[in-house]
Amino acid sequence: MEDQGRLLQALSGVTLTGHSVQGTLGLEPPHIHDSIDRDERKQDIGSILHQIMTITDQSLDEAQAKKHGLNCHRMKPALFSVLCEIKERIGLSISGAQEEEPADAQLMRLDNMLLAEGVAGPEKGGAAAVAAAAAAAVGGMTDNSIEHTDYRAKLTQIRQIYHTELEKYEQACTEFTTHVMNLLREQSRTRPISPKEIERKVNIIHRKFSSIQMQLKQSTCEAVMILRSRFLDARRKRRNFSKQATEVLNEYFYSHLSNPYPSEEAKEELAKKCSITVSQVSNWFGNKRIRYKKNIGKFQEEANLYAAKTAVTATQAVAAAVHNGQDTSPATPNSGFQMKDEDFQLDAGDSKNSLLTTMFTGGYHTPYYESDSIQ
DNA sequence: GCATATGATTTGAT
DNA sequence: ATCAAATCATATGC
């Protein structure tokens, strides 16, 4: 009863000194309570608060001490690893081994595209812009270069934004990762968190951030595409080749009519002569071949023109040949036209020009350019 | 304004 | 990779 009394005293904050236990049990008349001094009660509350504070401090210290003791316990590492293992197993059995890497291919595609467009990869925008400006200054393509530099400038802009954003993301990712890692490492002193789990969590963070990066890449790609279609779609801004370039190309075409497939070297030379690209030469020959084949009649006049042209240049050689007593019998410019995997012979009926048809449909197989003849 | 010419691109085959 | 063929989109000439 004595013990109980003290305990109750401590808990209720009412001094029971001089009163019987019955009093604390509510057997005392109530008016006695009212008579207790208010100051005295305040003092009691203060002392209890103090006690509580002290207790809290003590228990914190105690807990800290206990924790430290546990941490230093020789069995702690073993216990920790066992707990980690158990946790690992539970985690695996719940979530299973779900590996999801479907976005990888798309990410690669985006990366490749950005690299191809010059948005990612080594810095070259400035140099290219300078080169373009220089080309413009030299001359040649005056109206084209302005748009091209404009395009370059916009591309550089996109590139800059892309890189700043990417850097920001990377920085945020590293920051967040280190923060989480520190947190987990700190917690691993009191919770079973294995390094493996930390690694996994870090991976999750990286995945999240890389998905954000992918969004950035995606929108950058879109921007570049729009820019391209606005500025670089050659079909929209097509310019005919110069008369001189067409001349050179036609000369080659009609003088190689039996095999109008310039080699890589020939293409390069033609490109240089015409100040166009090799692929433009390829395009031109591709178009020419198909269009010539489709309607040889339409091209008769042109063929004659260039045949005559080359004939003139060949005159000297012919003269020499005649002088040497060689055969100079006429050949036909278009009779031997040959497409790949196909022998294409001119049908006389196709031609609208009967004179030229009779002139050039002689059944000779020797292309005119290979003979030393003049018409 | 329209028909044709022409350079570029796409597609599918080899 | 290169080509033929079809197609697109602009240029040009009338």
Side-chain angles (χ1 to χ4, degrees), chain A residues 109-110 112-119 128 132 135-136 139-152 154-155 221-307 309 333-347 350-353 356 367 369:
Chain A
R109 247 186 38 232
L110 289 173
N112 285 338
M113 197 205 142
L114 289 172
L115 210 63
E117 292 301 331
V119 175
M141 41 155 192
T142 34
D143 52 334
N144 200 354
S145 62
I146 291 163
E147 278 173 25
H148 195 257
T149 44
D150 202 5
Y151 167 79
R152 271 279 154 211
K154 291 228 189 298
L155 192 66
C221 273
E222 269 168 38
V224 171
M225 290 295 251
I226 290 164
L227 191 68
R228 261 181 91 80
S229 70
R230 281 266 286 285
F231 285 89
L232 280 196
D233 190 345
R235 287 201 285 205
R236 288 181 205 286
K237 301 277 169 201
R238 189 176 68 75
R239 295 271 176 278
N240 287 355
F241 295 155
S242 71
K243 200 127 177 113
Q244 193 189 347
T246 318
E247 199 115 318
V248 171
L249 293 167
N250 271 317
E251 249 170 60
Y252 188 98
F253 180 78
Y254 286 110
S255 63
H256 295 73
L257 210 49
S258 74
N259 186 35
Y261 298 89
S263 63
E264 196 57 36
E265 297 82 60
K267 277 182 195 171
E268 273 165 31
E269 204 185 316
L270 284 167
K272 206 168 139 192
K273 265 197 219 170
C274 303
S275 33
I276 56 176
T277 66
V278 173
S279 77
Q280 282 179 303
V281 172
S282 298
N283 282 342
W284 191 91
F285 273 87
N287 283 323
K288 191 73 184 181
R289 277 192 301 265
I290 205 75
R291 281 160 187 168
Y292 179 84
K293 181 193 155 185
K294 260 189 172 170
N295 192 355
I296 291 178
K298 202 170 73 181
F299 288 93
Q300 278 302 294
E301 214 171 326
E302 193 177 79
N304 292 335
L305 197 83
Y306 284 100
K309 223 173 222 187
N334 48 19
S335 63
F337 179 66
Q338 234 175 337
M339 297 271 280
K340 260 224 149 91
D341 295 341
E342 174 180 11
D343 226 345
F344 193 89
Q345 296 284 343
L346 169 65
D347 182 356
D350 271 357
S351 178
K352 305 274 189 294
N353 188 327
L356 288 168
Y369 66 90

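Protein chains get the first letters and strands the later ones, always in sequence-line order, with residue 1 at the start of each. These numbers come from a predicted model, not from an experiment. Values reported hereafter were calculated over all heavy atoms of this structure, with side chains retained and with hydrogens, waters and symmetry mates removed.
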Do any N or O atoms of the protein come closer than 3.5 Å to N or O atoms of nucleotides 12-14 of chain B, and which pairs are they?
none

The correct set of residues in residues 272-290 of chain A placing a heavy atom under 4.0 Å from DNA chain C is A/Arg289, A/Ile290
* Under the side chain to side chain contact (heavy atoms under 4.5 Å, CB included) rule, what do A/Leu249 and A/Lys288 come out as? Steps first, then yes or no, please. => CA-CA 10 Å; A/Leu249 293 167; A/Lys288 191 73 184 181; over 6 Å; no
Next on the checklist: I'd like to know whether A/Tyr252 forms a ring pair (Phe, Tyr, Trp, His ring centres under 6.0 Å) with A/Phe285, so could you lay out the CA-CA distance, the side-chain angles of the two residues, the decisive distance to 0.1 Å, and finally the verdict.
Outcome noted: CA-CA 10 Å; A/Tyr252 188 98; A/Phe285 273 87; 5.6 Å; yes
Rounded to the nearest 0.5 angstrom, the CD-CD1 distance for A/Glu302 and A/Ile296 is 12.5 Å
Applying side chain to side chain contact (heavy atoms under 4.5 Å, CB included) to A/Ser279 and not counting sequence neighbours gives A/Thr277
Between A/Phe299 and A/Tyr254, is the ring centroid distance below 6.0 Å? no
For A/Gln244, the side-chain hydrogen bond (donor to acceptor under 3.5 Å, both in side chains) test, sequence neighbours excluded, returns none
Indicate yes or no: at least one non-hydrogen side-chain atom of [X] is less than 4.5 angstrom from one of [Y].
| X | Y | value |
| --- | --- | --- |
| A/Trp284 | A/Asn250 | yes |
| A/His256 | A/Tyr261 | no |
| A/Phe337 | A/Pro260 | yes |

| said: Is there a side-chain contact between A/Arg239 and the phosphate of C/dA11, meaning an N or O under 4.0 Å from OP1 or OP2? | reply: yes
Check your understanding: Distance check: side-chain N/O of A/Lys267 vs OP1/OP2 of C/dC3, anything under 4.0 Å?
Key -> yes
Just list the side-chain donor-acceptor pairs under 3.5 Å for residues 263-276 of chain A, sequence neighbours left out, or say none.
unit_1, atom_1, unit_2, atom_2, d
A/Ser263, OG, A/Ala266, N, 3.2
A/Lys267, NZ, A/Ser282, OG, 3.2

Restricting both atoms to N or O, compile the protein contacts to nucleotides 3-5 of chain B shorter than 3.5 Å, with distance only.
unit_1, atom_1, unit_2, atom_2, d
B/dA5, OP2, A/Lys298, NZ, 3.4

**Prompt:** Between the side chain of A/Arg289 and the main-chain N/O of A/Met339, is any donor-acceptor distance below 3.5 Å?
**Reply:** no
Using whole Å, report how far [atom1] of [X] lies from [atom2] of [N].
| X | N | atom1 | atom2 | result |
| --- | --- | --- | --- | --- |
| A/Glu264 | C/dT2 | CD | C1' | 10 Å |
| A/Phe337 | C/dA4 | CZ | P | 8 Å |
| A/Phe253 | B/dG7 | CZ | C1' | 15 Å |

